[in-house]
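Here is the structure we will look at.
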Amino acid sequence: MKFLVSPVRPRPALAPHLLSLAIAVLALPAVAQSTQNTDGSAAPEKLQPVLLTGNPLREKEPVQPSLQLSGDALTLRRGATLGESLDGLPGVAATYFGPNANRPVLRGLDGDRVRMLSNSGASIDASSLSYDHAVPVDPLVVDRIEVLRGAASLLYGGNAIGGVVNTLDKRIPREPAQGLSGAAELRLGGAAAERNGAVTLDGGSSSWAWHADVSDRKADDLRVPDGRVRNSASDSHGGALGSSLLFSQGFAGVSLEDYRNDYGVTVEPDVKIRMQRQRLATAGEWRDASGLFPRIEWQASRSHYEHQEVEGTGEVGTRFKSRGSDLRLQAEHAALGPLRGVVGLQWERSDFSALGEEALVPGTRSRSAALFVLEQYRSGPLSLAAGLRQESLRVESDGDAPGVDEARFGEAARRSFKPRSLSLSAGYALSPSLSLQANLSDTQRAPMFYELYANGVHVATGAYERGDASLGLERARGLDLGLRWQEGGSLLRANVYQTRFRNYIALDATGASFSNEEGETLPEYRYTGVAARLNGLELEARQTLPRMAWSGAWRLTLGGSFDAVRGSNRATGEPLPRLAPRRATLSLAADDGGLWSASLELRLAARQNRVPTLDTPTAGYGLLRLNLARQLRLGGYDALWYLKLDNLGNKTAYSATSMATLRDLSPLAGRSALMGLQVRF
């Protein structure tokens, strides 16, 4: 066996609970979701929510490639992490570090090139610094996830070259409350024997609204086909309170949230991370149709993030702290003929420290300010957009602390950068159901503090990592061409793209090694700027099949997707590290018009042979999944019961997007069954 697993221990006795829950649920009365009005006429089709991320003018058909998950689709897809919840969508993978730390990868780009947002505001944490650092969000309390693929830096910064992942919730209410409403959800099972639950409550009146939520998740070591992944258990919980004043021209609100997560580090059998983030946020909107700026929006937050890496003895080896604030203000100006647009400013500051013998980076302070403008022209079937963003950013290092025995970070230092981003977009509707899109971007990203100043053993990845304080701006020029056709239950969406980098900052093996005090030899990795190119293709299709005599009331929908990304060092021709292989998904979904629904999905991944010289290929795999769901009435409330069966063939599979030093330690989950019940009121 290549990977290290702990012996198979008796799993908590979840099976009887799952069976009892299933029998009880199936005996409950059903609620049919009628598609007709009381007079027998067809009910109006439910409108799709308008994309908010990167779409300040609320366009129904944004030009930039985007994905949205909400409602039952999100409920059935939720995983323990954001990365797991989104993995497998076209152009989206995950930096798999066991079941607890999965960050989304967009079009082959990860880390700081993917901007993580919470209600369109900055999410201050340390997840981009290391693969073992989890994103401090429980997907169970998220109402909606929006994903922008490609250069989204115009509105959110140069560190969104790969795209944006935005989690949306109701912690700051934006609409009047209609009495008391909410939801409660319970999940049991899965490959990690999860015990997971959450409750959300919303209430208030026409002038005042409030929100509250709590969540809790406990999981054991992940079960894989030949055992369990060692030290992969977790225990997390969180909660939030929020309230808003509502008035005819907008709202103003505030929220306070707390999230804690204790989880094991797979690469170290006795190291656990004890993480906590507290976030105070405020947001508001002012609308005045007759004014120079008919819509003004603002949001600000203050986050305190800390996590401790605790040894098996209980001693804290390293303590990471991040204190950050952000402010964002944008205003939509009055229309100038067919021209509409927004102007805005953004300000962020972050103070980071890593204390302890195994500190990888020195204490740092990052400050940034930016101005941006986006203008859009629409005439008939043609829409054009152009944008500009100018940033000013400063990164300061404290260097070595006074009196340290080993000088690793040198003297205090400061770097300043002025990245700029440009974008041009065009869309053309050939017919009501067929449209073409094109996006052209020129984006610059300033290196992060760890890319500049890292110098030490990174326990989580089992490597010695070195930064380069002389790194310059990373520049990317991208072209994206898209086609979308949708008619009734049929959908075809295709995108091809190319991104060319000058000074792409890659963390790659150097071939050298480092010996620590315990005599272990670790590979050396260094942040280096190289010329690079990424090419990719994304396809998605869906077709509702004609009703057959044998299908009765059941409606069948055939779906499929395919994506591929190819990245190369333009100077040497060598592949870029940790790219997802070619992937395809085939699915067959069925529903009976509102009571039952089911889907069978086959996920295929090709063998990844295009790897750097010092990496190893990753074998391909095929995973079969089955979802079953039923709408119910429970105590007078609407409810959804679901059953998720994953990896039915119990295939051993590895993620090509993981670090080579930890890939073999943590295969993907084995065969599992997870059952859940969501009640909405």
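Computed from a predicted structure; not experimentally measured.
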Side-chain ion pair, [X] and [Y], N-O less than 4.0 Å:
X	Y	answer
R349	D351	yes
R107	D480	yes
R445	D112	yes
R174	E297	no
R526	D468	no

Can you confirm whether the side chains of [X] and [Y] place a donor and an acceptor under 3.5 Å from each other?
X	Y	answer
S236	S234	no
S325	R302	yes
Q346	R328	yes
E474	N503	no

With Y527, which of R466, M448, E451 fulfils side chain to side chain contact (heavy atoms under 4.5 Å, CB included)? E451

Applying salt bridge (charged side-chain N to carboxylate O under 4.0 Å, His left out), run through D442 and R475 and close with a yes or a no. CA-CA 7 Å; D442 187 327; R475 181 172 180 176; 2.6 Å; yes

Taking the side chain as every heavy atom from C-beta outward, state whether Q376 and L374 have any atom pair closer than 4.5 Å. no

